[in-house]
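For clarity, every value in this text was computed on a predicted model and none was experimentally measured. Quick note: residue numbers are just sequence positions, from 1.
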Amino acid sequence: MEDHYSVSSPRRVLSFSKRRKAAGSFLDPDDRASSFGVSGEQGPKTSEVYGFVGSITTIVATVIFLVWAYVPERWLHSIGIFYYPDKYWALAIPTYAMVTIVLAIGFYIGINLLSVPPPTSFNTIFDEFSRDPTSSFPLIEGDEQPIEPITDIGINKMNSLMFDDVK
């Protein structure tokens, strides 16, 4: 007698049987390579491979950069490395990158400050999207009251709520 186990989930049906069923699979073609026992193929997902290769590449590039930047030239020549960029670029490239990032952030903040109206403009209080409260809902007696539509609170109402002394 053959052992047959199955697990059901809302997304897919997984089968752990030793034989593959002739019926169609419920998995997406992308999920087949990463599912165990369904397609016969086992292995890591593509994103995992890219992440692993990216992390290894980053570590190797960092080590090469640090060796290039800090090891004296005569040591590099003694191990047979004669062609490499000038050591000036070991400081210049990171400095240029940091200055570029700081300037980009400064320009972004400046463009945002230029795109808003000044504080004395009435557009900071009213604009084309402002809505006055309307009394379109009649008052209903009882516990059930309708939710009023979203509206703007007028500046006179706001000032009276915040700055009038309530005695």
All heavy atoms of Thr62 vs all of Thr58, minimum pair found to be OG1-O, 2.8 Å
Greater than 12 external heavy atoms within 6.0 Å of Phe82's CZ: yes
Can you name the residues that form a ring pair (Phe, Tyr, Trp, His ring centres under 6.0 Å) with Phe65, not counting sequence neighbours? Trp68
Assigning hydrophobic clusters by single linkage (Ile, Leu, Val, Met, Phe, Trp, Tyr; side-chain heavy-atom cutoff under 4.5 Å), is Val116 placed with Tyr108? no
If I take atom CG from residue Asn156 and atom CG from residue Leu161, how far apart are they, to the nearest 0.5 angstrom? 9.5 Å
Should Tyr70 and Ile81 be regarded as members of a common hydrophobic cluster, given that ILVMFWY residues are connected when their side-chain heavy atoms come within less than 4.5 Å of each other, either directly or indirectly? yes
Distance col, row Ile101:CD1 vs Tyr96:OH, nearest 0.5 angstrom, shows 15.5 Å
After noting the C-alpha distance and the side-chain angles of Val67 and Leu76, does the key distance pass the side chain to side chain contact (heavy atoms under 4.5 Å, CB included) rule? CA-CA 9 Å; Val67 166; Leu76 293 175; 4.2 Å; yes
In this structure, would Val63 and Ile93 fall into the same cluster of hydrophobic residues linked by side-chain contacts under 4.5 Å? yes
Do Glu73 and Tyr84 have side-chain heavy atoms sitting under 4.5 Å apart? yes
Nearest-0.5 Å distance that lies between atom CG in Leu91 and atom CG in Asp86: 10.5 Å
On a heavy-atom basis, which atom in Lys87 and which in Val71 lie closest, and how many Å separate them? NZ-O, 2.7 Å
Tell me if a side-chain donor or acceptor on Ser121 pairs with a main-chain N or O of Pro117 at a distance below 3.5 Å. no
Search all heavy atoms of Trp75 against all heavy atoms of Ser78 and return the closest pair with its distance. O-OG, 2.6 Å
Same hydrophobic cluster for Leu103 and Ile111, using side-chain heavy-atom links shorter than 4.5 Å among ILVMFWY? no
